[in-house]
**Q** 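There's a structure below that I have some questions on.
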Amino acid sequence: MMSRYPQVRRFAHIEQMDREAPPLHEGETVVANSLPATCVHPLAIAITLVGIAYIVLTFWIAFAGGETSVVLTMVTLILIMMLGLMTGCGYSSRNMEPYRAATRSFREFIEGEVDLQSGRISGRASLCQLATVTGGIALGTTSMLAVFVAIAPAYP
């Protein structure tokens with residue numbers, strides 16, 4: 001990782017504060033948190049979570065009642081546990097990498113890169129991947145709800 005930024009000198013915690021810092025060579029910069037942040041922005045994750053909450057709410061509106069409510073309750077609890085654990089673990093592990101900037105704005109996220117397990121992609125592509133899946137499913141559940149509301153009077 002250090003070879004990507006040869007002009008930046010990393011420095012650790014200096015225990016003795018009375019010592020002078022080593023002199024800089026020409027063109028060299030010393031910056032704390034010098035590497036850019038490459039994590040997914042929390043707003044992009046929130047967009048996905050809102051889409052999932054909308055899907056669950058739509059299913060509750062369309063199919064609640066009778067024995068179906070038990071199944072919907074279990075599905076809702078499983079989703080809350082799964083997404084809560086993933087969100088909590090992701091939030092607590094965001095700033096674990098040394099020499100990495102902790103945060104960036106949403107605009108910097110969109111215009112920058114995101115570091116994933118499979119490699120780096122643009123922030124815009126990451127947001128599209130997150131929002132497209134839940135947005136498509138939300139549109140599908142909305143259309144299911146519209147059909148259900150349209151034909152419900154025919155089946156008392």
**Q** Excluding sequence neighbours, so at least two apart, what forms ring pair (Phe, Tyr, Trp, His ring centres under 6.0 Å) with Tyr54?
**A**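 Ring pair (Phe, Tyr, Trp, His ring centres under 6.0 Å) list for Tyr54, sorted by chain: empty.
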**Q** What about Ile61 and Val56, same hydrophobic cluster or not, with Ile/Leu/Val/Met/Phe/Trp/Tyr joined at side-chain heavy-atom distances under 4.5 Å?
**A**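 Cluster IDs for Ile61 and Val56 differ.
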**Q** Got Val114 and Phe109 here, is their nearest side-chain heavy-atom distance under 4.5 Å?
**A**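 Of all side-chain heavy-atom pairs linking Phe109 with Val114, at least one is under 4.5 Å.
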**Q** Any side-chain heavy-atom pair from Thr73 and Trp60 closer than 4.5 angstrom?
**A**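 In short, these two side chains touch, coming nearer than 4.5 Å.
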**Q** Grouping I, L, V, M, F, W and Y whenever their side-chain heavy atoms are under 4.5 Å apart, do Met86 and Ile55 come out in a common cluster?
**A**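 They do share one cluster, since a chain of ILVMFWY contacts under 4.5 Å joins Met86 to Ile55.
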**Q** Under the side-chain hydrogen bond (donor to acceptor under 3.5 Å, both in side chains) test, which residues partner Glu108, sequence neighbours left out?
**A**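 Once residues adjacent in sequence are excluded, Glu108 has no partner under the side-chain hydrogen bond (donor to acceptor under 3.5 Å, both in side chains) criterion.
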**Q** Between atom CG of Leu49 and atom OG1 of Thr87, what is the distance when rounded to the nearest 0.5 Å?
**A**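 Leu49 CG to Thr87 OG1: 4.5 Å, rounded to 0.5 Å.
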**Q** Could you tell me whether the side chain of Ser143 and the main chain of Gly140 form a donor-acceptor pair under 3.5 Å?
**A**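 Between the backbone of Gly140 and the side chain of Ser143 there is a qualifying donor-acceptor contact (under 3.5 Å).
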**Q** Do Val133 and Val75 sit in one hydrophobic cluster, given that two such residues count as connected whenever their side-chain heavy atoms are within less than 4.5 Å of each other, even indirectly?
**A**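 Val133 clusters together with Val75.
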**Q** Do side-chain atoms of Ser126 reach the backbone of Ser122 as a donor and acceptor pair under 3.5 angstrom?
**A**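 Checked: no pair found.
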**Q** Any non-hydrogen side-chain atom of Leu127 less than 4.5 Å from a side-chain atom of Ile47?
**A**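 Yes, their side chains come closer than 4.5 Å.
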**Q** Between atom CD1 of Ile137 and atom OG1 of Thr142, what is the distance when rounded to the nearest 0.5 Å?
**A**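 One finds 11.5 Å between CD1 of Ile137 and OG1 of Thr142.
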**Q** Are Leu57 and Val50 in one and the same hydrophobic cluster, where Ile, Leu, Val, Met, Phe, Trp and Tyr link if side-chain heavy atoms are under 4.5 Å apart?
**A**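 They do not share one cluster, since no chain of ILVMFWY contacts under 4.5 Å joins Leu57 to Val50.
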**Q** Answer yes or no: is there a side-chain heavy-atom contact under 4.5 Å between Met144 and Phe63?
**A**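 Answer yes - side chains close enough.
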**Q** Compare every heavy atom of Arg104 with every heavy atom of His41, then report the nearest pair and how far apart it is.
**A**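 Minimum heavy-atom contact is CD2-O, 3.2 Å.
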**Q** Let me check something: do Ile45 and Ile110 share a hydrophobic cluster, defined by ILVMFWY side-chain heavy atoms less than 4.5 Å apart, either directly or through other members?
**A**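 Ile45 clusters together with Ile110.
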**Q** Answer whether the closest heavy-atom distance between the side chains of Met82 and Leu79 falls below 4.5 Å.
**A**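 They are in contact (side-chain heavy atoms under 4.5 Å apart), so the answer is yes.
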**Q** Which pair of non-hydrogen atoms, one from Thr58 and one from Thr141, has the smallest distance, and what is that distance?
**A**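 Closest approach of Thr58 to Thr141: CG2-O, 3.3 Å.
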**Q** Taking side-chain hydrogen bond (donor to acceptor under 3.5 Å, both in side chains) as the test, write out the residues that go with Thr68, two or more places apart.
**A**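 Testing Thr68 for side-chain hydrogen bond (donor to acceptor under 3.5 Å, both in side chains), a comparison that skips the adjacent residues, returns none.
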**Q** To the nearest 0.5 Å, what is the distance between CG (Leu85) and CD1 (Ile80)?
**A**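 If I round to the nearest 0.5 Å, the distance is 11.5 Å.
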